[in-house]
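Written out below as structure tokens is the structure these notes cover.
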Amino acid sequence: MGDEIAQLGERILNGERRALARAITLIESGRSDHRADAELLLQQVQQSGREALRIGLSGTPGVGKSTFIEAFGMMLIKMGLRVAVLAVDPSSTRSGGSILGDKTRMEYLSREKNAFIRPSPSQNHLGGVARRTREAVALCEAANFDVVLIETVGVGQSETVVAELSDLFLLLLAPAGGDELQGVKRGIMEMADMILVNKADGDLKSAATRTCADYAGALRLLRKRPQDPDGYPCAKTVSAIEKDGLQDAWETIQTLIEWRKDNHHWTRRRASQAAYWFDQEVRSALLAQLNAPDVRQRMAQLSAQVGQGHMAPTHAARKLLASLAQS
């Protein structure tokens with residue numbers, strides 16, 4: 001199997017999209033033999049040292065994320081860049097598959113040879129971000145994509161996780177139909193590097209301009225972050241339908257990234273993210289041990305003793321952890 005994985009890695013490094021799709025399917029598998037192959041593959045492609053600009057994007061359903069990504073991605077491709085889109089979709093509670101299908105919602109982008117779109121089911125992982133999305137990003141970088149867009153379902157905690165996957169985080173919002181500024185939590189405002197008010201066209205154009213001004217004012221009230229130059233984070237209006245404001249948004253992104261690279265924030269952020277994901281992998285491995293049949297049986301026994309008042313919860317937990325350490 002080692003030779004086959006090596007060949008798959010070579011095909012990914014050559015930029016073959018079919019090989020990339022197969023590799024992502026491999027890393028998403030929960031089978032132990034597949035996980036071992038996935039680790040070998042990731043070790044191989046990581047040696048390429050290739051890096052892409054990772055852009056996280058979130059927003060409430062209906063804000064036009066897919067329309068924006070398609071228009072934004074098409075613009076980048078026309079500029080000669082290769083674009084990968086990793087869209088984490090809601091999972092079916094029955095089959096575990098993706099409910100939404102981004103390839104059907106990004107008809108033009110999906111036809112481009114320099115684009116790669118991969119919808120991945122969230123499978124009930126924290127905040128809707130698939131556990132292996134980080135590894136999928138690494139594979140896309142190895143396949144020589146210049147920009148990786150990571151779209152989340154926009155359901156709370158996903159923004160926190162996607163911030164640990166990306167170099168820059170975009171929050172997409174719709175023109176306010178009322179005082180919607182009250183409904184946006186401070187936490188996500190503090191994470192966002194840029195707020196884009198979409199649908200700034202037609203009858204909604206003036207409303208989008210007002211909304212953008214409201215969010216710009218709210219951003220000025222937040223404490224300045226050390227990783228940002230003056231004027232960031234910022235708010236801008238875009239129209240994915242009319243392709244208006246996309247070039248300005250890209251130039252603003254480029255300015256921020258160049259500043260962070262020049263001031264060493266880029267490398268520090270990448271190092272911090274790598275440490276974060278190491279910590280998460282250790283936690284996941286420890287939790288996986290708790291799902292072993294013998295451990296679950298031991299937990300049930302100790303839980304019964306705790307419930308009957310024969311043992312304190314802290315003592316029972318210590319006994320369980322001690323048994324894990326001995327195994």
Test side chain to side chain contact (heavy atoms under 4.5 Å, CB included) applied to Gln280 and Glu164, step by step: CA-CA 11 Å; Gln280 293 301 307; Glu164 297 294 343; over 6 Å; no

Sidechain N-carboxylate O distance under 4.0 Å for Arg132, Glu39: no

In one Ile/Leu/Val/Met/Phe/Trp/Tyr side-chain cluster, 4.5 Å: Leu42, Phe145: yes

Test item: Gln227 side-chain N/O and Trp266 main-chain N/O as donor-acceptor pair under 3.5 Å: no

pair Ile77-Leu109: side-chain heavy atoms closer than 4.5 Å: yes

Close side-chain approach of Leu20 to Cys140, heavy-atom, < 4.5 Å: yes

Backbone of His310 reached by a side-chain donor or acceptor of Gln305 within 3.5 Å: no

Side-chain touch Val295/Leu320, heavy atoms, less than 4.5 angstrom: yes

Connected via hydrophobic side-chain network under 4.5 Å: Leu53 and Trp259: no

Rounded distance [0.5 Å steps], CG in Asp37 versus CD in Glu4: 8.0 Å

Under 3.5 Å: donor-acceptor pair, side chain of Lys236, backbone of Met194: no

Point-to-point distance, once rounded to the nearest 0.5 Å, from CD1 of Ile241 to NZ of Lys243: 6.5 Å

Residues which pass salt bridge (charged side-chain N to carboxylate O under 4.0 Å, His left out) with Arg35, listed by chain and number, not counting sequence neighbours: Glu135

Derivation and outcome, salt bridge (charged side-chain N to carboxylate O under 4.0 Å, His left out), residues Arg210 and Asp214: CA-CA 6 Å; Arg210 290 194 304 270; Asp214 288 342; over 6 Å; no

Side-chain (Ser272) to main-chain (Arg268) donor-acceptor, under 3.5 angstrom: no

Where at least one partner belongs to residues 288-307, residue pairs that pass salt bridge (Lys or Arg N to Asp or Glu O under 4.0 Å), sequence neighbours excluded: none

Test log, rule side chain to side chain contact (heavy atoms under 4.5 Å, CB included), inputs Asp193 and Asp228: CA-CA 8 Å; Asp193 295 298; Asp228 293 331; 4.2 Å; yes

CE (Met299) with more than 12 external heavy atoms under 6.0 Å: no

Atom pair CD1 (Ile257) and CZ (Arg54), whose distance is rounded to the nearest 0.5 Å: 11.0 Å

Side-chain heavy atoms of Asp248 within contact of Thr252, under 4.5 Å: yes

Side-chain touch Leu286/Arg283, heavy atoms, less than 4.5 angstrom: no

Nearest non-hydrogen partners of Val306 and Pro313, listed with the distance: CG1-CG, 3.9 Å

Gln43, CD: over 12 other non-hydrogen atoms inside 6.0 angstrom: no

Heavy-atom pair of closest approach, residues Ala115 and Arg17: O-NH1, 2.8 Å

Heavy-atom side-chain contact between Phe116 and Leu139 under 4.5 Å: no

Spatial distance of atom CZ (Arg118) from atom CD1 (Ile150) [nearest 0.5 Å]: 15.0 Å

Sequence-distant partners of Phe68, ring pair (Phe, Tyr, Trp, His ring centres under 6.0 Å), two or more places apart: Phe72

Backbone N/O of Val85 and side chain of Glu151: donor-acceptor pair under 3.5 Å: no

Leu8 CG to Gln44 CD distance, which is reported to the nearest 0.5 Å: 8.0 Å

Polar side-chain atom of Arg269 near backbone of Ser166 as donor-acceptor pair, under 3.5 Å: yes

Hphob cluster co-occupancy, Val282 + Leu290, side-chain heavy atoms under 4.5 angstrom: no

Contacts of type side-chain contact (heavy atoms from CB on, under 4.5 Å), residue Ala312, not counting sequence neighbours: Thr314, His315

Shortest non-hydrogen contact between Pro175 and Asn198, atoms and distance: CD-O, 3.0 Å

Sidechain-backbone polar pair: Ser29 side chain, Thr25 backbone, donor-acceptor under 3.5 Å: no

Salt bridge (charged side-chain N to carboxylate O under 4.0 Å, His left out) involving Arg270 - partner list, sequence neighbours excluded: Glu51, Glu141, Asp167

Shortest non-hydrogen contact from Trp277 toward Arg134: CG-CD, 3.0 Å

Ala235 versus Leu219, closest heavy-atom pair with distance: N-CD1, 4.0 Å

Pair Glu242 + Lys205: basic N to acidic O under 4.0 Å: no

Qualifying residue for side chain to side chain contact (heavy atoms under 4.5 Å, CB included) with Asp146, from Arg50, Arg82, Met79: Arg82

Atom pair OH/CG of Tyr232 and Leu168 - distance to nearest 0.5 Å: 9.0 Å

Smallest separation among heavy atoms of Ala249 and Val238, with atom names: CB-CG1, 4.5 Å

Residues in salt bridge (charged side-chain N to carboxylate O under 4.0 Å, His left out) contact with Asp203, at least two apart in sequence or another chain: none

4.5 Å side-chain heavy-atom contact, Leu81 and Trp250: yes

Same apolar cluster (I L V M F W Y, side chains within < 4.5 Å links), Leu204/Leu172: no

Ile69 vs Val83, side chain to side chain contact (heavy atoms under 4.5 Å, CB included): CA-CA, chis, key distance, verdict: CA-CA 10 Å; Ile69 289 174; Val83 179; over 6 Å; no

CD/Gln247: more than 12 non-hydrogen atoms of other groups inside 6.0 Å: yes

Derivation of the side chain to side chain contact (heavy atoms under 4.5 Å, CB included) call for Asn144 and Asn14: CA-CA 8 Å; Asn144 214 22; Asn14 289 331; over 6 Å; no

